[in-house]
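Structure, as structure tokens:
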Amino acid sequence: MKFNVADDIFRKIVDDSDTAILYAEPSTPKAVHAKEYLVKYSNQKAQSFFSIFPKNIENHPLEELVNYDELLILANKVLETGYDENFNIIVKEADSILNYHVRIKPFSKGLLFELAQIKPKFITDKESKLPLGSAKSRNRELEISNLFGIRVLDSNDSIICYLKPIFNIKGAVEDFRIDYINNRMREIANDDSAFIEGQTILEYYPKNAENGVLEILAEGYISGENKEYTKEFIFNEKAVWLATKAVKMNDGLILFSKDVSQEKKYEAQLFLQNRLLSEAERVANIGSFRWNLAKEHIKYSDNVYRLFGYDPNEFDDKYDRLLTFLHPNDFEKVKSSFKEARKNKSKSDLVFRVYTRSQELRYMNTIAECYQKEGNWYMVGVIRDVTKQIEAESILQIKNAELKRTNADLEAFNRVASHDLQEPLRKIQMFVSRLHEEEEGRLGKRSQGYLSKIKYSSDRMRNLINNLLSYSKVDEVSEQPTRVDLNDVLNNALEDLAERINDLDAQIESVSLPVVNGIQFQLEQLFANLIGNSLKYIKEGVQPKIKVIGSIVNGNKSEEESLLSNINYVKLQFIDNGIGFEKKYQEKIFEIFQRLHGKTEFSGTGLGLSICKKIVQSHNGAITAKGVLNKGAEFTVYLPTLL
């Protein structure tokens, strides 16, 4: 009876204890490494802690009650060594966070688990001088040591904090308490360490549950492996990127976090620049590459692959793979060029043919240079698809050959026109003149008319040949452009036309004209042709009046679209009061052999204004015409000015 009372007394003492006591035995008797423990006894505190009901205690698996991996690992260790194990855990119960000291020790056939709640204690000693060797002195030394450590941690550029895991009732990590953090967070979030310490990571920054941080830290704590991650955080509406390394230490995690916001900014800028460069390469139909000459691998931009008809990174990036695309006749040339560039570290500029993925033959141009960095030699360059340029050059060469043949024919014509055609024409004119002198008075009126027509036609033929020669030789002038005063040009032209001006009693008005860069004799021919044209197409019974006006205009303010907008021009206006012409002839009037009147009405070959246009164009200018029938005409010339 006494023993029963004693058992009840001790059971009462154990059940009323604030320490959770639980006894479990391995499911396999005498097992050193048990995979399962069966609960044989638990006091009321343990039943409350683990939510165990007395009727379900017997042979209840321990792992269904608690999910602390460390607890099961240490249980096996105690079972094997026979020595006690002690450690601390943090558990969240309702709205409270509690610290427990856990002790596992061998007992009977199994293990005894004790979980006692720890009340936090803080060192509050403010004494500055304590006797050496006393307990207080040792505590003070410990404080000084801790203070020194804190100073060191606070001087670090990284954010350093120590976290203790918080487990739910099933033993899963659901949060971490911040036991310590250095003062670097003040610079980032404007929060003091004292404000942060004691909070959990979810209390301080709730989004840690969404951004994956809690999951990463929990995994690192359970596995014991180091974890690294970079995440964006928002503090005071400002984005901050932190690169963190989490290391398990004792029964918690120590975190080293570095502010990499600037690096992330540069990284974003670099990404944008690379994206823009990639798009620019695609638009320009070029690609780029970088080659460490000590290795066989070449780093290509995405568009290099596209030039060969592939998707980015679809073919091997070795040097030998590039050679497989080459046209057989260009293989040795390309290989030799790259070999020389690698050996002499020289610049390479090479055009070669390749076959794309679809077996299309394309021309590629590679321009590359070598440079040295950190003891290694690199080659960087661009690859361009120049197929269109090559084809255009081929067409241009064909056109140039045709032009040379045309010019040769024109030169032959000039020789014929200047000598072979004029020689028989001179003889015709000479014999017509002798016939007219010798047979004057003896020829009939009809025969005399025939003779006059022959003389007129031969004279017209001579003028036509001379004008054709003038037209064809406008572009063949070897004389270099010089500074030309247009006042001198006008005076010389009027002097050549003086007899005609006097015969018609024509009135010529002009203002002071500027200077231009040009060929003087051609400009004199231009003035003479335009003024002579006005003297030719006069109205009967009206005194001819011609105005020559000069001014300076800017290309973009002129009505003439063919002028360049960034330079100034001399604007010359030749205005007359002659017979004019209809608006529909404004463009045709400058065409070669274009005549608006019959041969019997006005003399001429139809080449005068064509020569004017060619002279103006050879001076990089423009000429326009406008007229009103029976009221007059106006010719406007634009020549680049020296101003």
Side-chain angles (χ1 to χ4, degrees), residues 1-121 164-175 177 218 221-222 250-252:
M1 176 68 74
K2 291 182 180 178
F3 292 108
N4 290 337
V5 172
D7 287 344
D8 290 341
I9 291 172
F10 282 111
R11 184 180 294 276
K12 178 65 174 174
I13 293 172
V14 173
D15 281 344
D16 291 344
S17 174
D18 287 336
T19 300
I21 300 174
L22 183 146
Y23 174 71
E25 294 179 353
S27 59
T28 305
K30 299 182 180 180
V32 178
H33 296 287
K35 295 184 178 179
E36 185 179 72
Y37 289 87
L38 301 178
V39 178
K40 298 298 182 179
Y41 168 79
S42 64
N43 69 351
Q44 290 182 359
K45 185 69 175 179
Q47 292 170 17
S48 173
F49 185 84
F50 294 113
S51 300
I52 303 173
F53 297 101
K55 63 180 181 180
N56 296 328
I57 291 177
E58 192 71 26
N59 293 325
H60 199 107
L62 180 63
E63 62 181 1
E64 292 184 11
L65 305 180
V66 60
N67 191 31
Y68 304 113
D69 292 338
E70 274 191 309
L71 187 140
L72 297 176
I73 294 171
L74 291 174
N76 281 334
K77 184 177 180 182
V78 172
L79 196 65
E80 180 182 357
T81 63
Y83 293 106
D84 295 0
E85 284 288 341
N86 295 271
F87 60 96
N88 296 331
I89 62 172
I90 303 173
V91 178
K92 187 173 184 181
E93 296 181 9
D95 295 329
S96 301
I97 297 175
L98 304 177
N99 291 272
Y100 284 91
H101 176 74
V102 181
R103 182 181 182 185
I104 307 174
K105 60 183 179 180
F107 183 81
S108 187
K109 297 178 182 179
L111 300 173
L112 193 63
F113 297 84
E114 300 174 1
L115 292 88
Q117 186 178 348
I118 304 171
K119 300 249 175 125
K121 296 181 179 179
K164 296 285 279 295
I166 300 174
F167 301 91
N168 59 21
I169 200 67
K170 293 295 183 180
V173 177
E174 67 173 21
D175 204 344
R177 188 183 69 195
Y221 177 80
I222 293 170
N250 297 330
D251 55 350

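- When ring centroids are compared, Phe107 and Tyr23 come within the 6.0 Å threshold.
- In terms of modelled atom types and a separation under 3.5 Å, the side chain of Thr81 and the main chain of Tyr83 share a donor-acceptor contact.
- Considering all non-hydrogen atoms of both residues, Ala24 and Phe113 come closest at CB-CE1, 4.0 Å.
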Practice problem: Please step through side-chain contact (heavy atoms from CB on, under 4.5 Å) for the pair Asn76 and Tyr37, ending with a clear verdict. | Solution: CA-CA 10 Å; Asn76 281 334; Tyr37 289 87; 2.8 Å; yes

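- In this structure, OG in Ser108 is found 11.0 Å from NZ in Lys40, a value given to the nearest 0.5 Å.
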Quiz prompt | Residues Leu79, Leu111; criterion side-chain contact (heavy atoms from CB on, under 4.5 Å); working and verdict | solution = CA-CA 7 Å; Leu79 196 65; Leu111 300 173; 4.2 Å; yes

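- Rounded to the nearest 0.5 angstrom, Glu85 CD and Ile104 CD1 are separated by 7.0 Å.
- Smallest separation of non-hydrogen atoms from Gly110 and Pro26: CA-CD, 4.2 Å.
- Qualifying side chain to side chain contact (heavy atoms under 4.5 Å, CB included) partners for Thr19, counting only residues two or more places apart in sequence or in other chains: Ser17, Ile21, Glu114, Ala116.
- Residues Tyr221 and Asp251 bring no donor and acceptor atom of their side chains to less than 3.5 Å of each other.
- Closest of all the heavy-atom pairs between Arg177 and Ile166 is N-CD1, 3.8 Å.
- Listed by chain and number, the residues in a salt bridge (charged side-chain N to carboxylate O under 4.0 Å, His left out) with Lys45 amount to none (sequence neighbours excluded).
- Take Asp84 and apply the side chain to side chain contact (heavy atoms under 4.5 Å, CB included) test, not counting sequence neighbours, and it matches Asn86, Arg103, Lys105, Pro106.
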